[in-house]
2 protein chains.
Amino acid sequence: MTELEQYIKSYFGVVNSDDLKKIVSLFKLTSIKKGAFLLKAGKHCNNLSFVQLGLLRMFISTDEKEITQWISTKGYFTTDLSSFVFETTSRISIQALTDTEVYSVTKTDYKKIGELVPKWYELEKLFIIRCFIILEERIFSHLSMTAEERYDYFFENNRELFNQVPLQYIASMLGMTPETFSRIRKRKLL
Amino acid sequence: MTELEQYIKSYFGVVNSDDLKKIVSLFKLTSIKKGAFLLKAGKHCNNLSFVQLGLLRMFISTDEKEITQWISTKGYFTTDLSSFVFETTSRISIQALTDTEVYSVTKTDYKKIGELVPKWYELEKLFIIRCFIILEERIFSHLSMTAEERYDYFFENNRELFNQVPLQYIASMLGMTPETFSRIRKRKLL
DNA sequence: GTGATTTCTTGATTTTTGTCAAGAGCAAAA
DNA sequence: TTTTGCTCTTGACAAAAATCAAGAAATCAC
C-alpha cells in the first residue's frame, strides 16, 4: 500500500480497497525541483497535492515581507483550499524547499472521487473539520502563548523540521522574527 | 422568511423552499439568560445553534485566565465544532453576554437534514471551508499585524460590537491585554 | 437612589519582541 | 580553491506590549 493510500485510509476512513485504488489512480506523480513553485500567488490553484517526498513552504507576500503560513511535509496534503474550491486567484504561493515529489489531482478529477465513492462527501467533511480544528488550536496559541511557548510547543511536535528547513521560515510561521527565534533557540541550549 | 431560513439560503445555497421549511423545522427556539451557559467546558456539545437575538462569548479557561475565542452575534451559528462532530468533551464554554435566543438543533436531528436534502453534504462542506478560510485569515493577522493593526481591522468590520460587549473580551479575542486595548482605543480618539 | 461590582483607564515599570547593523558559518557555484 | 550567497547569530538599541497597582466610570442589585 502506498503512503497516499495509507493516508486516505486513515484520515478519510476509506476501507474498501477497490475504492482506494480508484481514488488513488486519479492522482498523478509530479516532480518539483528545489526552489520551483507548485503554486504562484495570483494564479488559480487547480490541484490538490499529496507530498510523497520533500518539503514545501506556503507563504503570502506582503509589501515588506514574506509570511510563511505553513510548511508541508511528506505524508500530508497541500493546496490553497480557498482557490481550489472557489476558483479564486490565490494569495498563497507554494514553493519547494527541497526536490519534491507530489501526487496531484486536478479539480476536475477530484470531483470524480465523489461520484466513485458515495461516502466521500461525508469523509471529506470530517477531514476538513479536522483541519479547521488544527487552525483553531493555532489561533489559541497566539491568544494565550508567548513566542517562547509557541517555540517550545512547536519544537516538541516537529523536532525533525528544525534540521530540514531554514529556521527563518519556522520563525515566520510561529509569528516571530528570525532574531527572536535565534535567541529563544540559544536559551534552550544553555 | 425567518433569519435562519435567510441564512441557510444564502450561506448554504438551499433554494428550494420546501427543503428550507423541512430543515428549519428541526431547530427549536431556546432562551438563555444573561450569564447563563449554552455550553460548559467539560460537557459534550450536543447542539448547533443559530443566534436569533443577543450575544454569546466562546472562551477557553486556562490556569490563569479566560481566553475569549469568539463572540457570536445575531444571525450566525455557534457551536464547539470539535465536540459536536467528534463527540469529545468540550474545552470551550459558551456563555450569554445578554439575554439571548437561539434556534438549536441536536446532533440527532442535524443528521436528518442530510437525509432530507440530498445536496446537503456538499453545501455543508462549502460552509465549513468558508469557516476554515476565516480562521486562516485570522492566523495571518497574528503573523503579520501588530496589536494596533488587528484592532483597526476588527474595528472597521465590527464597529457595533464595541458598544455592546465588555471590551476586555474583544481585547482577549484579538490577543492583547485590556490595558493595551484601552491605550490603543484612546489613541484613536485623539 | 445607594452601595456594591464590574469594567475601564491611567501611570510607572518591566519584560518581550522588533529593528538595524555587522559579522560568522556554511554550502553551493565558479 | 576561492568566491559568492544565503542563513544564522549577536549586540546595541527602540518599540511594543505586559504587568502591577490605583483609581475612575459605568453598571447592576437592592
Side-chain angles (χ1 to χ4, degrees), chain A residues 33-36 54-55 57 59 61-68 71 95-99 140-155 159 161-190, chain B residues 32-36 54-55 57 59 61-68 71 95-100 140-155 159 161-190:
Chain A
K33 281 273 167 220
K34 176 175 176 173
L55 291 158
R57 176 174 72 109
F59 66 93
S61 295
T62 67
D63 307 337
E64 314 109 45
K65 49 190 170 181
E66 286 178 355
I67 309 288
T68 298
I71 293 165
Q95 187 180 26
L97 292 174
T98 61
D99 289 354
F140 182 70
S141 81
H142 283 277
L143 301 184
S144 65
M145 295 181 189
T146 62
E148 183 157 358
E149 288 167 334
R150 291 198 300 278
Y151 176 101
D152 288 343
Y153 187 77
F154 190 78
F155 182 72
R159 259 170 221 274
L161 259 198
F162 282 65
N163 31 30
Q164 291 182 351
V165 306
L167 299 174
Q168 53 180 315
Y169 299 143
I170 299 180
S172 174
M173 191 178 142
L174 294 177
M176 65 188 84
T177 59
E179 291 94 335
T180 296
F181 186 94
S182 172
R183 289 185 178 106
I184 291 173
R185 184 162 175 253
K186 191 181 179 188
R187 274 182 239 156
K188 304 296 163 190
L189 301 173
L190 303 180
Chain B
I32 308 162
K33 281 274 167 220
K34 177 173 177 175
L55 291 159
R57 176 175 71 109
F59 66 92
S61 296
T62 67
D63 306 337
E64 315 109 44
K65 48 190 170 182
E66 286 177 354
I67 308 289
T68 298
I71 293 166
Q95 187 180 27
L97 292 175
T98 63
D99 288 355
T100 294
F140 183 69
S141 81
H142 283 278
L143 300 184
S144 65
M145 295 181 190
T146 62
E148 182 156 0
E149 288 167 334
R150 291 198 301 279
Y151 177 100
D152 288 342
Y153 187 77
F154 190 78
F155 182 72
R159 260 171 220 274
L161 259 198
F162 282 66
N163 30 30
Q164 292 182 350
V165 305
L167 298 175
Q168 54 181 314
Y169 298 142
I170 300 181
S172 174
M173 190 178 144
L174 294 177
M176 65 188 85
T177 60
E179 292 94 332
T180 296
F181 185 94
S182 173
R183 290 185 178 105
I184 291 173
R185 184 163 176 252
K186 190 181 180 186
R187 274 180 237 157
K188 304 297 162 190
L189 300 172
L190 302 179

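In what follows, every chain begins at residue 1, and chains take the letters A, B, ... in the order their sequences are listed. Reckoned from all heavy atoms, side chains included, excluding hydrogens, waters and symmetry mates. Just so it is clear, the model here is predicted, and its values are computed rather than measured.
- Interface remark: the E179(B) side chain does not form any donor-acceptor pair with the dC8(C) base, using a distance-only criterion of under 3.5 Å.
- We find that K188(B) and E148(B) are joined by a salt bridge, their nearest charged nitrogen and carboxylate oxygen being less than 4.0 Å apart.
- Using cut-offs of 30° and 60° on the angle between ring planes, the pair F154(A) and F162(A) is tilted.
- Within 4.0 Å (heavy atoms only), K34(B) reaches sugar-phosphate atoms of the nucleic acid but no base atom.
- At dT9(C), one or more side-chain N or O atoms of R185(B) fall inside 4.0 Å of OP1 or OP2 (strictly under the cut-off).
- The side chain of S182(A) places an N or O atom within less than 4.0 Å of a non-bridging phosphate oxygen (OP1 or OP2) of dT9(D).
- Taking side-chain N and O atoms only, K186(B) has a distance below 4.0 Å to OP1 or OP2 of dT10(C).
- Of the listed nucleotides (dT10(C), dT7(D), dT7(C)), dT7(D) has the atom at the smallest distance from the side chain of Q168(A).
- The nearest pair of heavy atoms linking L143(B) to S172(A) is CD2-O, 3.6 Å.
- Taking the side chain of R183(B) as heavy atoms from C-beta on, and the options dT19(D), dT7(D), dT17(C), the nearest nucleotide is dT19(D).
- Considering only side-chain atoms of L167(B), the nucleotide from dA12(D), dT9(C), dT7(D) that sits closest is dT9(C).
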Open item on the list: Apply salt bridge (Lys or Arg N to Asp or Glu O under 4.0 Å) to residues D99(A) and K33(A) and explain how you reach the verdict.
Closed with: CA-CA 5 Å; D99(A) 289 354; K33(A) 281 273 167 220; 3.7 Å; yes

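- Look at T177(B) and you'll find a side-chain N or O under 4.0 angstrom from OP1 or OP2 of dA18(D).
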